[in-house]
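The next block holds one structure in the form of structure tokens; read it before the comments.
Here is the naming used below: chain letters follow the sequence lines, and residue numbers restart at 1 for every chain. Keep in mind that the numbers below use all heavy atoms, side chains included, and drop hydrogens, waters and symmetry copies.
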There are 4 protein chains.
Amino acid sequence: MRVYACIDDIEKVARSRLDANAENYYSSGAVDETTLALNRSDYGRILLRPRVLRNVTSVTTSTTILGRQVASPIAIAPAAMQGLAHSDGELGTAKAAKNTASLMILSTYSNTSLEDVISATPDLPQASESPFWLQLYVHQDRCISEGLLKRAEKAGYQALVLTVDAPVLGRRLKDLRNKFSMPPHLKLANFDASQGVMTASERNSTGATSGAKADASLTWKDIDWLRSVTSMKIVLKGIMTHEDALLACQWKVDAIIVSNHGGRQLDTCPSTISILPEITAAVKSYSHAHPTLPVPEVYMDGGIRRGTDVVKALALGARAVFIGRPMLWGLVVGGHEGVEQVLQILNDELRNAMALVGVQSVDEIGEGCIIRKSLL
Amino acid sequence: MRVYACIDDIEKVARSRLDANAENYYSSGAVDETTLALNRSDYGRILLRPRVLRNVTSVTTSTTILGRQVASPIAIAPAAMQGLAHSDGELGTAKAAKNTASLMILSTYSNTSLEDVISATPDLPQASESPFWLQLYVHQDRCISEGLLKRAEKAGYQALVLTVDAPVLGRRLKDLRNKFSMPPHLKLANFDASQGVMTASERNSTGATSGAKADASLTWKDIDWLRSVTSMKIVLKGIMTHEDALLACQWKVDAIIVSNHGGRQLDTCPSTISILPEITAAVKSYSHAHPTLPVPEVYMDGGIRRGTDVVKALALGARAVFIGRPMLWGLVVGGHEGVEQVLQILNDELRNAMALVGVQSVDEIGEGCIIRKSLL
Amino acid sequence: MRVYACIDDIEKVARSRLDANAENYYSSGAVDETTLALNRSDYGRILLRPRVLRNVTSVTTSTTILGRQVASPIAIAPAAMQGLAHSDGELGTAKAAKNTASLMILSTYSNTSLEDVISATPDLPQASESPFWLQLYVHQDRCISEGLLKRAEKAGYQALVLTVDAPVLGRRLKDLRNKFSMPPHLKLANFDASQGVMTASERNSTGATSGAKADASLTWKDIDWLRSVTSMKIVLKGIMTHEDALLACQWKVDAIIVSNHGGRQLDTCPSTISILPEITAAVKSYSHAHPTLPVPEVYMDGGIRRGTDVVKALALGARAVFIGRPMLWGLVVGGHEGVEQVLQILNDELRNAMALVGVQSVDEIGEGCIIRKSLL
Amino acid sequence: MRVYACIDDIEKVARSRLDANAENYYSSGAVDETTLALNRSDYGRILLRPRVLRNVTSVTTSTTILGRQVASPIAIAPAAMQGLAHSDGELGTAKAAKNTASLMILSTYSNTSLEDVISATPDLPQASESPFWLQLYVHQDRCISEGLLKRAEKAGYQALVLTVDAPVLGRRLKDLRNKFSMPPHLKLANFDASQGVMTASERNSTGATSGAKADASLTWKDIDWLRSVTSMKIVLKGIMTHEDALLACQWKVDAIIVSNHGGRQLDTCPSTISILPEITAAVKSYSHAHPTLPVPEVYMDGGIRRGTDVVKALALGARAVFIGRPMLWGLVVGGHEGVEQVLQILNDELRNAMALVGVQSVDEIGEGCIIRKSLL
Ligand SMILES: Cc1cc2nc3c(=O)[nH]c(=O)nc-3n(C[C@H](O)[C@H](O)[C@H](O)COP(=O)(O)O)c2cc1C
Ligand SMILES: Cc1cc2nc3c(=O)[nH]c(=O)nc-3n(C[C@H](O)[C@H](O)[C@H](O)COP(=O)(O)O)c2cc1C
Ligand SMILES: Cc1cc2nc3c(=O)[nH]c(=O)nc-3n(C[C@H](O)[C@H](O)[C@H](O)COP(=O)(O)O)c2cc1C
Ligand SMILES: Cc1cc2nc3c(=O)[nH]c(=O)nc-3n(C[C@H](O)[C@H](O)[C@H](O)COP(=O)(O)O)c2cc1C
């Protein structure tokens, strides 16, 4: 496939190839897309400090996430309905994850069943032990969710990622105007028709503000319920305040993802990179107060488009970062190869930035690598 | 009628339908429209903090305003000459207020008489007890104003809203250039011709900087005069400084509206949302110093276009917010149904934002829900 | 003549009527025109605080400048070669000054002699005692300057305004590109050909960076020389630092004008409105330290285009403000009537802003009328 | 040749004359060109303070750099492959340096050999003793670098400038898209083909992220190696942190250049002008702690396009500034005469700015000449 210079070049081509329905669904944020824009622009308020005359002959991005070795801290975020991007859908993404030894989170609302995703491409010569996690929206009928979790655990998913920022659906104006709906040739492959599950898009197309079947009554104590029905690790996706980060510590989840759902939920909430410091500080303070207790790992997503963005997120305390739309654009332009190229560009840029910042491993990336712009 | 995705979509259609004379009169602000723009853009400097894993199954916007139950803290601001927007004029707006159980303030300069407005549509099956208030500009001939107040009280208005930010008329350049004047088929229905009342527009068209008959000598002590001629509650509209907020406390008015007249009076005065904190702080400090005295309720208007704007205003201490132009645009595109759709969109967006901020009632909205951007 | 809504409307028409040579000469600032832009935009960082329920039936702008009564604190700055604007040149400007009872400073480089300017239109019925001052660039041949001062004093000028910000000429790129020069039908009417005086424009056209005959060696002690040759009051134009403001106090000049020459000299120096506070503070501190000594009055110019700008300058301690380009644009569109309309618009806007800020006289305008934006 | 009004005018013409390959190579910065833009825009955050009534009849820019007298603190940065700009290539630049008595740094990757550059134009009547320095990228095969240094010393170069900000090559997207490579008629004249040296562009065209032969293992201790093979003075180019400035003091280098390689290496690193204060402060603190030790001189480059930029850099503690692209644009439009005009414009602007700031020599330029904008 064609070689691109950067993620933006891939995005441009991808968006021009999609029909308006899909392009709008993938690209849009809530309401005025203020948060969507901040997610990107706030990286510009953090500057990198180049250190010189350090040996940077062997820069490596490898790290561990929840104890598993991965080739890079750059991982794949859950995104619904990847069948809109490419006929391979989630199979393409999974193949790319395996080929690059990257972590992938599968969305509840995938067009490929969770079993097919994990068992796909087993004969890839270069297939690694890349970790797979399943993202979960809890159904009002808890039995449906329990069934899903049992299947996931059996299929080999190592963690469940509970998305907590969508008790009701964000107002995405383009989808409201388009009356967006999933094309008939696709299905929500993790459910059968009888379960009455509606995708975000289906709910959108009804103009409903809350998910018809999503459980808006979910609270912290339901983490105990989750633990009672699965032994997978528990990751909370969508933490945006220090208060909730502390609650996550107290409820002993394994990890949290600082995320605002790619700016698709509450418009005018802060960018994730601007909030990351308050989250990592809260977790650190909890850890100091409870030195014997394990604390959640902290990841983030939102607006990651450059290797330098990753350095900044890591410098502010994230252990890993997830990419949503870039992965989708890669899928559009080249199926699994497109996703691989996206990951390769980002990892090349990351290594380049690490060398110029003067570090050889991700552990060396810290606050000393950055200046926050208001300090200038 | 057609279903719109947001207020801006309605505004766009409405403005394209009006002739330049009316479009300019409704849309314009004073001089360079700096304050008009700030009224809108300053909401962007306040960010919302999403709290998660809270039960948000039953979000409600209902509240009380001056002791009366209303369906929502979003109410209708007084705007002159609604006959320019739609043949129904103020009758349409009043019908929408009743149908949505919202508070409405009628302008002194309405094209429908105050009696007709309140008695309109009495047979609406869903007509609620929505409160009606009358906005007042004091005439140099006080007898004329006294007459108006007596009629309003008799007709059932529960409060008089004294507009204090217009002792002289703001310089709206487009109106000066257009020599804007009210079309001959409309009348100022609360006055008869002999009373020599000139509308803002009429004064504008003479190029006069002060209202020919508006009383620029009005001072705080005239509140005692108002109390002597009416038993309606007294609301001051146009408070923009902590000093005047304290004076309002001392003069024991029932409520104040933080307002800069939608940016139509003094250009380069601050946005209302940026000043709101200093006002609520002043009222709170007065209340602490005089624990046994009642203090005015605080409302605001200016630039409210999104449900998230409402959350921010409430978080900074407003009890209610008023919409001016959005109501006018609704009236243009669909008469009373248009105004209802405007209110419905804003209330839907408000409920959506409340759920994502993690609150179920307006009382729970507080400073903890927001970040002011300079803190980031 | 046609009635305009604001200064910008007049500017637009005026600039379209001039040839590029003159338009560029009048409009341009030094190099990148950074300071020119700041002179205007920094007013936007100061906001006005509307006070309400104050009697504003009789707002007046009248004040005194160096002890003389004037109708308004808005006065006319010296600008060279007004013959480029209109065939009446400086005679038109002088007539407007008289008709509006405004102070006018005549430029050294006028196309009308200083005697003609002051004696012009003596039979105007409404001619007031408006003060006239003469602006001075000191010639390397001091005799030439002495001659000019004697003539000025005799003609009735009450003050000499020494421009101190132009020991060398600012680099105005458009003039350099145009090789701007004064058209042959105009003359520098205060000099005869033998005196070898070159205008800014003539120097420009030679590409010289310093005025061929302007005296770049002028220092503070030359103020004593000036005092020895004239009894007119002494005003320094172009003070931009607190250090020089203090020196002006020590050298006992009668007044200073905070000015950066309309952004035409040192590009990227601060706007005048942003520096005004440090100047008035310095003069105040000198006054407190020397309570028995007189201190200079403080004026300013640069970017005044709105009545609200004047309120802000007065709130920050200026006693008067001068307008340069607005006067030139008025002259272009309507000769003396154009300048009068410019002054009338600004004074109307000033009165309007004063009423809405809640003051009736310029003495009441103080720091309490404004908010500096970083405080918001 | 044609006379230009400013550097930007020369840049515009030059860029329009080059083919895309060369234009992109010269103009581009890394990735999003954020740092490239900051290098320029951050000068706008520093304002100049005009002092008045000072004798400025004889302003001079002359100074010393590493003990050698130069006509101006404005010097020529090393830039690879000047043969792309003009057939004279580095010979033109060297001639301009001599004609203007300016310091020039020759790039390792010149299209003219270092011997030819320094011996060129020996018969210029006005040829002065302008200093020449050689910039160095250390080769993995140290013998190649040692050879180069011996030749440079013999040819008369007075300092070697070790570029430390490019252990790997920055990602310049346009070059990646163009697959930029050096045209076949040019050669890297300091090397013979057998030495396997690849230019930045050649490495770029392979898409490699690190220089094939550049030594990424270079560390501070290699400064001792450099000293062991040459007696030229040692200058480090690319210092951007106070930590590395202190290390440079400890390793006793003769000078450092605050540089981010014209925004071509690590994107989103700070502008040089914003970092300069932390560097000069670090060197000063080292000097105070070690009063008997010599400390490095501090220079800077990046975004210098105006005389006022030079004043700002000197005010913040730089002893000299280097120009990269402006020199290249000059070379394109007029060979050596173009470079001379570039230097002349900048020096004219510098003298102009000095006079208006009120200083006659570069030593008088200090912190008192500027305001940093956040202070306003
Ligand atoms: C089209 C689309 C669909 C998404 N679907 C889901 C989903 O099903 N579940 C979920 O937790 N997050 C979902 N997300 C949010 C992503 O997981 C992630 O938080 C976000 O995309 C990160 O921001 P980025 O796109 O700027 O990288 C979706 C995002 C997009 C753009
Ligand atoms: C066309 C128009 C007419 C108005 N007429 C009045 C009026 O008669 N009396 C009054 O107190 N305020 C009047 N206002 C101000 C509004 O009550 C309100 O303060 C303002 O519109 C709120 O800002 P918004 O338009 O951004 O919502 C008017 C506003 C507009 C736009
Ligand atoms: C075309 C032009 C000519 C000027 N000539 C003079 C002059 O001869 N002497 C002087 O002291 N200032 C001169 N000035 C500066 C003005 O007196 C004044 O400082 C400046 O115009 C104020 O800024 P403004 O144009 O934004 O109002 C001139 C300004 C302009 C625009
Ligand atoms: C086309 C080009 C080639 C360059 N080549 C080199 C080089 O070979 N060695 C080096 O140390 N710096 C090199 N630089 C960086 C310059 O020395 C200098 O740091 C930079 O251009 C200064 O910024 P300015 O272009 O904004 O003046 C190069 C810069 C450009 C634009």
Which answer fits [X], side chain, backbone, both or neither, if we ask what part of it has an atom under 4.5 Å from a heavy atom of chain D?
X         : answer
Val31(C)  : side chain
His261(C) : neither
Asp267(C) : backbone
Thr268(C) : both

Quiz prompt | Minimum heavy-atom distance between Pro167(C) and Asp165(C), given as atom pair plus value | solution = CD-C, 3.4 Å

Quiz prompt | Part of Ile46(D) lying under 4.5 Å from any heavy atom of chain C | solution = backbone

Quiz item: Arg51(D) versus chain C, heavy atoms under 4.5 Å apart: side chain, backbone, both or neither?
Solution: both

Practice problem: Give the ring-plane orientation class for Phe322(C) versus Tyr299(C), where under 30° counts as parallel, over 60° as perpendicular and anything between as tilted. | Solution: perpendicular

Quiz item: Are Glu367(C) and Arg372(C) within salt-bridge range, i.e. N to O under 4.0 Å?
Solution: yes

Quiz prompt | Carboxylate-amine/guanidinium proximity below 4.0 Å for Glu33(D) and Arg40(D) | solution = no

Practice problem: Begin from the C-alpha positions of Tyr4(D) and Leu176(C) and carry the test side-chain contact (heavy atoms from CB on, under 4.5 Å) through to its verdict. | Solution: CA-CA 9 Å; Tyr4(D) 293 89; Leu176(C) 286 173; over 6 Å; no

